[in-house]
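Starting from 1, each residue takes its place in the sequence as its number.
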Amino acid sequence: MAEVEKNKMITSDWVKMIRNIGIIAHIDAGKTTTTERILFYSGTIHRMGNVDDGNTTTDWMVQEKERGITITSAVISSRWKDRIINLIDTPGHVDFTVEVERALRILDGAVVIFCGVGGVQPQSETVWRQADKYKVPRLVYINKLDRTGADFFKVLNEIKEKLGAKPVALQIPVGIESNFKGVIDLVNMQFIAYKEKEVKGNLTVSEFEEEPIPSDLTAKAQQYRTILLEALADIDDQLMEKYLNGEEITVDEIKKALVVCCHQNIFFPVVCGSSFKNKGVQQLLDAIVEFLPSPVDVPPIQGTHPVTQEKIIRQSTTEEPLSALVFKIAADPFIGSLAFTRVYSGVLKTGSYVYNVSNNTNERISRIIRLHSNQREDIDELRAGDIAGLVGVKKATTGNTLCDKDHPTLLETISFPEPVVSMIVEPKTKADQDKMISSLEKFTMEDPTFKFRFDPETDQTVISGMGELHLDIIVDRLLREYNVNVNLGSPDVAYKETILQESKGEGKHVKQSGGHGQYGHVVLEIFPLEGPLDRSKKFVFENAIKQGVIPKDFIPAIETGVKYALENGVIAGYEVINVGVRVVDGSFHAVDSSEIAFRLAASRAFKEAMDKASPILLEPVMKVEVYVPESYLGDCISLISSKRGRVVKMDSVGIIQMVNALVPLKHMFGYATELRSVTQGRGSYTMEFDSYERVPEAILQTIKGGK
């Protein structure tokens, strides 16, 4: 018995040593560079790579090296001060926001990086809201303080104003821009001075020294330490009493209170540095292991029983039954499908069978692979709190739950945005046709925001994604990874159709022939769903049939018929969203009625009802943030206006003007080239989906003509 208790304690202590964290930020804030420095100082790699040189550990795809951006989230296991850090470096470009979404779903904490010059940028807000959605505890790291225009305190204020968050500095910089030479540690009240030395012609930082705070900075250090202590006193009565009585608050008391604040998102601790110049990374690592939670510090995972629907709680221990979530599928050319998995409870062993409760199948785990970006290390088992890749999981998809069949539990899946941009792809040769389809199927398994379909009306294959860059990467991968050459057609916009009022429609399908005929008769009421235009509310179905006017067996066929009709609206043949459908009447024939007859009747009834319900066409509108020098501001605004865009807000970021605008996606194709042209190459922009809006009548006629 004593041995069992000892093993439990060892297991519990091991789980406490784990930190599952993500690096999230706006594009070009320094995520990959920071990750590279973390891996170097933790001893995982022995030579630092740089994004510009295309030799970083986590940006291993050819497309990432060429473009200098992160496209796919990379998982790395590392160690710092006896802690195990499973780190995920995520993309910053909005086209690949799916990678951030699924990473945050399974992580226990995150480091949010802000550029010391750019501050809170559009994708910074997006990833912050995504972290809010999953209640992920966060550390803030203000990077690039060595750059011209950097302002640590301005970024602190932007976090408060733009994100509505409460950042509290644990460090303040000493010097700024080219004079950035250290930080004041407000917890230990000491000066951390960075010592630079030249190694083989490259300026690097290999060490730092802890020194007394310079006398000319004592007042400022005390000012910000007071802000820190007051923030802690607000949430801890004992600290409040000591603070008001003027008693000394110890470092251990400060750290203990910081852990509580960070874990509960009461406020967000802030550290700073310059990752490219190797300044501040060790202190960031210290903050990660000291303040971000282990798997046992976050609330236990909650699932539901697949049959009884009762709530099931799983603690992060190996003694609990197995529960794990597949958060990403990757197609590996050497080992096949690789399922990135987070284990929440229990133990998962090589060679064992697990139950995929999401699709009611059994899966055999042939290999478990510890992940080091694109490098693999085979391990024998995966325990509660850990993250690794599984080989042999053939039927699992992103969001599936793996568990013990005798103790099934279904974890909450991951939701993803719908694609907004489409393009036509055609294989250059007949031999490429089958290879293209099989390759695209693999991409849909990897990326839930990528979809493709065959359009029988045009006899073309249409691919859809989150943006032009997203689809450009897909086409590039088709050629490089699967040797499939394709031609691209003009991009199409994912318009939607909806209705403004209630209406009723009737549909009949009657056909007589020798033997049994076909008979289906349906009366539907349709109505707009309440609330803003939301793609997640695309369809609601209600059965209001009474007294067996239509047998219950035919109701599912009616719903199927309506869903088929939703795929092609009455205005221009686009998908219909935000519509509720209620079956209210109809009739059937005891001999001739069939499921196919009711499907066809329901489809006709819906089309008739929609014609009478004031249908409208919706277009995706993008939130666009443009950065231009002040001298080009007028040209920038004129260009936005020419695209039916409207300026929402203007602000300045140093010498750069920032323009926030809402622009229909239809007019954003080719915008990058136009912006570079009017700003002589000095303008840049970011774009993300904002909402759907009604298409103006004049534009509607053009779209209908194009269809």
Side-chain angles (χ1 to χ4, degrees), residues 3-22 75-79 82-88 102-110 134-137 263 288-289 292-305 311-328 339-358 363 365 367-371 377-391 393 396 399-414:
E3 187 66 26
V4 171
E5 291 301 319
K6 180 181 178 182
N7 289 336
K8 283 185 177 181
M9 185 173 69
I10 292 172
T11 300
S12 175
D13 289 344
W14 183 84
V15 177
K16 288 180 181 178
M17 305 294 277
I18 297 174
R19 298 293 183 273
N20 294 318
I21 67 163
V75 183
I76 295 283
S77 291
S78 188
R79 285 179 177 268
D82 297 325
R83 302 298 196 276
I84 301 162
I85 300 177
N86 293 318
L87 185 151
I88 299 182
R102 56 185 168 194
L104 289 173
R105 169 64 178 82
I106 56 93
L107 291 172
D108 302 319
Y134 294 110
K135 299 181 174 61
V136 177
H263 289 192
I288 288 170
V289 299
L292 287 178
S294 72
V296 298
D297 296 322
V298 297
I301 194 69
Q302 179 176 293
T304 57
H305 193 282
K311 299 295 182 185
I312 298 174
I313 302 296
R314 291 277 188 264
Q315 304 288 339
S316 287
T317 70
T318 54
E319 285 73 42
E320 292 265 355
L322 174 68
S323 65
L325 187 76
V326 177
F327 66 94
K328 179 176 177 178
F340 291 67
T341 304
R342 159 74 188 264
V343 175
Y344 286 96
S345 63
V347 179
L348 199 159
K349 296 186 177 182
T350 299
S352 64
Y353 282 88
V354 296
Y355 178 52
N356 185 336
V357 66
S358 301
E363 302 271 13
I365 310 302
R367 292 170 64 190
I368 302 176
I369 297 175
R370 180 77 70 191
L371 304 162
E377 173 197 353
D378 283 274
I379 57 176
D380 296 327
E381 65 178 23
L382 195 58
R383 294 183 282 179
D386 215 344
I387 297 173
L390 308 181
V391 180
V393 182
N400 281 186
T401 301
L402 307 179
C403 63
D404 182 342
K405 193 167 187 177
D406 295 330
H407 302 89
T409 181
L410 182 63
L411 304 180
E412 181 184 354
T413 189
I414 310 172

Heavy-atom pair of closest approach, residues [X] and [Y]:
X	Y	answer
Leu104	Ala110	CD2-CB, 4.3 Å
Gln302	Leu411	O-CD2, 4.1 Å
Leu410	Ser358	CD1-OG, 3.6 Å
His305	Pro408	NE2-CG, 3.8 Å
Ile368	Leu348	CD1-O, 3.3 Å

With salt bridge (Lys or Arg N to Asp or Glu O under 4.0 Å) as the criterion, how do Asp378 and Arg367 come out once you've worked through the C-alpha distance, each side chain's angles and the decisive distance to 0.1 Å? CA-CA 7 Å; Asp378 283 274; Arg367 292 170 64 190; 2.9 Å; yes

To the nearest 0.5 Å, tell me how far His407 NE2 sits from Tyr355 OH.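 These two atoms lie 14.0 Å from each other.
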
To the closest 0.5 Å, what do you measure between CD1 (Ile88) and NZ (Lys328)?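 Here the interatomic distance stands at 8.5 Å.
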
In the structure I gave you, are the side-chain heavy atoms of [X] and [Y] within less than 4.5 Å of one another anywhere?
X	Y	answer
Glu381	Asp386	no
Asp82	Met17	yes
Ile365	Val354	yes
Asp108	Leu292	no
Ile21	Ile288	yes
Leu382	Val347	no
Ile106	Phe340	no
Ile85	Val289	yes

Criterion salt bridge (Lys or Arg N to Asp or Glu O under 4.0 Å) on Asp404 and Arg314, from CA distance to verdict: CA-CA 12 Å; Asp404 182 342; Arg314 291 277 188 264; over 6 Å; no

Hey, which of Ser294, Pro295, Pro293 is the one that makes side-chain contact (heavy atoms from CB on, under 4.5 Å) with Arg19? Ser294

What residue among Val357, Leu390, Leu325, Val343 forms side-chain contact (heavy atoms from CB on, under 4.5 Å) with Leu402?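 Of the listed options, the one satisfying the test is Leu390.
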
Please check: side-chain N/O of [X] versus main-chain N/O of [Y], any donor-acceptor pairing under 3.5 Å?
X	Y	result
Thr350	Ile379	yes
Thr341	Val326	no
Ser316	Ser345	no

Between Asn86 and Ser77, does any side-chain donor sit less than 3.5 Å from a side-chain acceptor?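 Asn86 vs Ser77: donor-acceptor pair found between side chains.
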
Any side-chain donor paired with an acceptor under 3.5 Å for Thr409 and Ser323? no

Derivation of the salt bridge (Lys or Arg N to Asp or Glu O under 4.0 Å) call for Lys16 and Asp297: CA-CA 8 Å; Lys16 288 180 181 178; Asp297 296 322; over 6 Å; no

Hey, mind stepping through Val15 and Arg383 against side chain to side chain contact (heavy atoms under 4.5 Å, CB included) and telling me if it holds? CA-CA 8 Å; Val15 177; Arg383 294 183 282 179; over 6 Å; no

Using the side chain to side chain contact (heavy atoms under 4.5 Å, CB included) rule, take Phe327 and Leu107 through it: C-alpha gap first, then chi angles, then the decisive distance, then the call. CA-CA 10 Å; Phe327 66 94; Leu107 291 172; over 6 Å; no

